[in-house]
2 protein chains.
Amino acid sequence: MLTPERHRKIIEQLGEKQVVTIQELVEATSSSESTIRRDLSQLQKEKKLKRVHGGASLLHQKSEELSVIEKSAKNSPEKERIAQFAGDLVVEGDCIYIDAGTTTLKMIPYLKDKDITVVTNAISHLDLLTEYEIKTYLIGGLVKPKTKALVGSGALNSLRTYRFDKVFLGINGIHLDAGFTTPDPEEAAVKQLAISLSQKTFVLADHTKFNEASFSKVAELNEAIIITNEIDEDAAYDFQDKTDIRVVTP
Amino acid sequence: MLTPERHRKIIEQLGEKQVVTIQELVEATSSSESTIRRDLSQLQKEKKLKRVHGGASLLHQKSEELSVIEKSAKNSPEKERIAQFAGDLVVEGDCIYIDAGTTTLKMIPYLKDKDITVVTNAISHLDLLTEYEIKTYLIGGLVKPKTKALVGSGALNSLRTYRFDKVFLGINGIHLDAGFTTPDPEEAAVKQLAISLSQKTFVLADHTKFNEASFSKVAELNEAIIITNEIDEDAAYDFQDKTDIRVVTP
DNA sequence: CATTTTTCAATCAAAAACAATCATAAATAA
DNA sequence: TTATTTATGATTGTTTTTGATTGAAAAATG
């Protein structure tokens with residue numbers, strides 16, 4: 001049997017079974033153990049598989065791929081600092097809700113090694129959460145195709161069964177009159193309910209969100225503490241009586 | 001045999017078999033090894049094929065560019081056929097539950113363009129489901145880190161709010177006495193409840209699952225219809241009165 | 001934890017496949 | 001026709017691949 005054919009067969013078997021023994025491959029290709037070993041070495045060098053004692057296994061792109069996940073979130077040092085600040089607020093034993101969103105996603109690395117329970121409506125957060133071995137509950141509901149967030153009455157009912165020490169929300173607009181707002185009414189409803197189930201609510205928002213308003217109201221300004229990266233003096237003055245703002249200094 | 005005819009034959013054989021040995025070509029064209037070598041060198045220069053030690057291979061060795069998502073699942077033609085059969089059972093307007101598992105995952109492409117509603121406990125299914133624009137509800141619950149499936153009381157409560165026309169389950173063991181079984185009690189509970197919420201239940205299981213039993217019982221044999229790829233005569237005889245088996249013929 | 005078994009990498013000789021060369025046979029041109 | 005080119009097949013020495021063997025390393029076992 002020719003080399004490329006053997007290689008193809010090896011990869012194929014791996015695809016079916018996740019792991020294969022050398023013996024299986026010897027039989028499948030009717031070649032010697034030595035040859036298979038050489039094949040495996042070569043395929044490993046080509047990153048097609050991973051050799052393990054006794055055979056080979058599919059390489060599950062884990063840590064490598066995960067860094068991609070982290071990176072895929074819009075990368076900005078401002079959001080990173082906000083996320084870190086928020087993450088550091090979480091203490092041992094907390095039950096927290098983490099909303100869908102890029103900034104909230106970036107909190108997760110800062111939760112590492114804390115013994116906490118996380119509830120979320122963000123499917124996209126799960127890879128990181130499980131990677132860091134954080135006990136995670138997902139609420140149920142309709143999967144919103146674009147953002148992969150859970151919404152709808154199912155989500156609300158599911159969410160209602162939990163209580164939180166802290167809730168961390170992303171938000172699109174922070175406005176003196178309109179309060180906290182976000183474009184999608186369905187998501188707004190979920191955020192609203194989360195707030196009502198928590199002792200404390202934190203809104204993670206960079207400075208571009210101030211004095212903006214979108215379609216659906218989530219809450220009044222005084223219902224949450226805002227974590228942001230900077231705020232100009234005028235805005236600081238305007239908002240100071242209405243809400244509580246923590247500015248993350250670099 | 002004339003040169004162009006030989007070349008045509010070589011390309012033809014390659015198209016059929018992905019790889020050919022020089023010996024095969026020598027026989028097929030009844031020309032000498034030297035000639036074939038020259039042919040291969042030339043065809044390689046013309047980018048018609050790739051020479052390999054012992055023969056030649058197709059340039060685009062069909063490494064099957066499945067969407068990355070599909071690729072990650074265990075690949076086997078048997079499971080594929082089972083999945084297709086199951087997928088074809090779903091009709092317009094159905095509300096179905098799709099269990100976590102590799103075979104059930106492979107059903108999804110066969111649901112394309114059907115106007116249906118899917119409920120699942122499998123986070124890993126969501127990428128494909130949303131890709132095919134299928135209306136999808138996820139049940140809530142604890143995220144089981146290893147399999148990324150949703151389990152626990154939250155999952156059960158969430159699941160209980162739905163009713164299904166058809167339920168499709170993966171299962172680990174099908175046994176005359178033990179019934180349908182699976183290793184994890186938490187997952188078993190979810191499957192159990194799903195069955196009770198549905199008009200019809202289908203179990204997707206290849207032939208290796210017969211006469212196996214795992215830790216947790218999911219249901220009696222008569223509670224579901226089994227879709228499998230093959231079954232030996234003894235097993236067919238044993239099971240025939242106890243349950244309904246559909247064998248997918250290739 | 002010592003012993004046994006399995007698996008591994010390294011080595012080597014045999015086999016297979018290779019490129020290069022050459023002489024012959026066929027095709028083409030003079 | 002003869003000369004010349006071209007394709008072919010056989011031959012040669014070289015390179016690559018292969019499978020068996022070995023002692024070392026790693027798992028499994030008691």
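Please read these numbers as outputs of a predicted model, since none were measured by experiment. Labels below follow one simple rule: chain letters A, B, ... track the order of the sequence lines, proteins then strands, and each chain is numbered from 1.
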Original post:
A:Thr35 side chain N/O closer than 4.0 Å to the phosphate oxygens (OP1, OP2) of D:dT18?
Top reply: no

Original post:
Quick one: which of B:Val118, B:Asp99, B:Leu105 gives a side-chain contact (heavy atoms from CB on, under 4.5 Å) with B:His125?
Top reply: B:Leu105

Provide, to the nearest angstrom, the distance between the [atom1] atom belonging to [X] and the [atom2] atom belonging to [N].
| X | N | atom1 | atom2 | value |
| --- | --- | --- | --- | --- |
| B:Ile36 | D:dG9 | CD1 | P | 9 Å |
| A:Arg6 | D:dT16 | CZ | P | 16 Å |
| A:Leu40 | D:dT18 | CG | P | 13 Å |

**OP:** Report yes or no: do B:Gln42 and B:Glu46 form a side-chain donor-acceptor pair below 3.5 Å?
**Re:** yes

Original post:
So which one's nearest nucleotide on DNA chain D is more toward 5', B:Ser30 or A:Asp39?
Top reply: B:Ser30

**OP:** For A:Met1 and for B:Thr3, find the nucleotide of DNA chain D with the closest heavy atom, then tell me which residue's nucleotide is more 5'.
**Re:** B:Thr3

**OP:** Between protein and nucleotides 10-28 of chain C, map the contacts as a letter string: B base, S sugar-phosphate only, - none, heavy atoms under 4.0 Å, written 5' to 3'.
**Re:** -------SBS---------

**OP:** In plain terms, say whether B:Asp127 and A:Lys148 are close enough for a salt bridge, that is, a side-chain N and a carboxylate O under 4.0 Å apart.
**Re:** yes

Subject >> Minimum heavy-atom distance between B:Thr29 and B:Ser31, given as atom pair plus value >> reply: OG1-OG, 2.6 Å

Subject >> B:Lys112 atom NZ: more than 12 heavy-atom contacts under 6.0 Å >> reply: no

Do any side-chain atoms of residues 167-181 of chain B form donor-acceptor pairs under 3.5 angstrom with protein atoms, and if so which ones, sequence neighbours left out?
unit_1, atom_1, unit_2, atom_2, d
B:Asn172, OD1, B:Thr182, OG1, 3.2
B:His175, ND1, B:Asp177, N, 3.1
B:His175, ND1, B:Ala178, N, 3.2
B:Thr181, OG1, B:Ser214, N, 2.8

Original post:
Out of D:dG9, D:dA20, D:dA7, which has the shortest distance to the side chain of A:Ser32?
Top reply: D:dA20

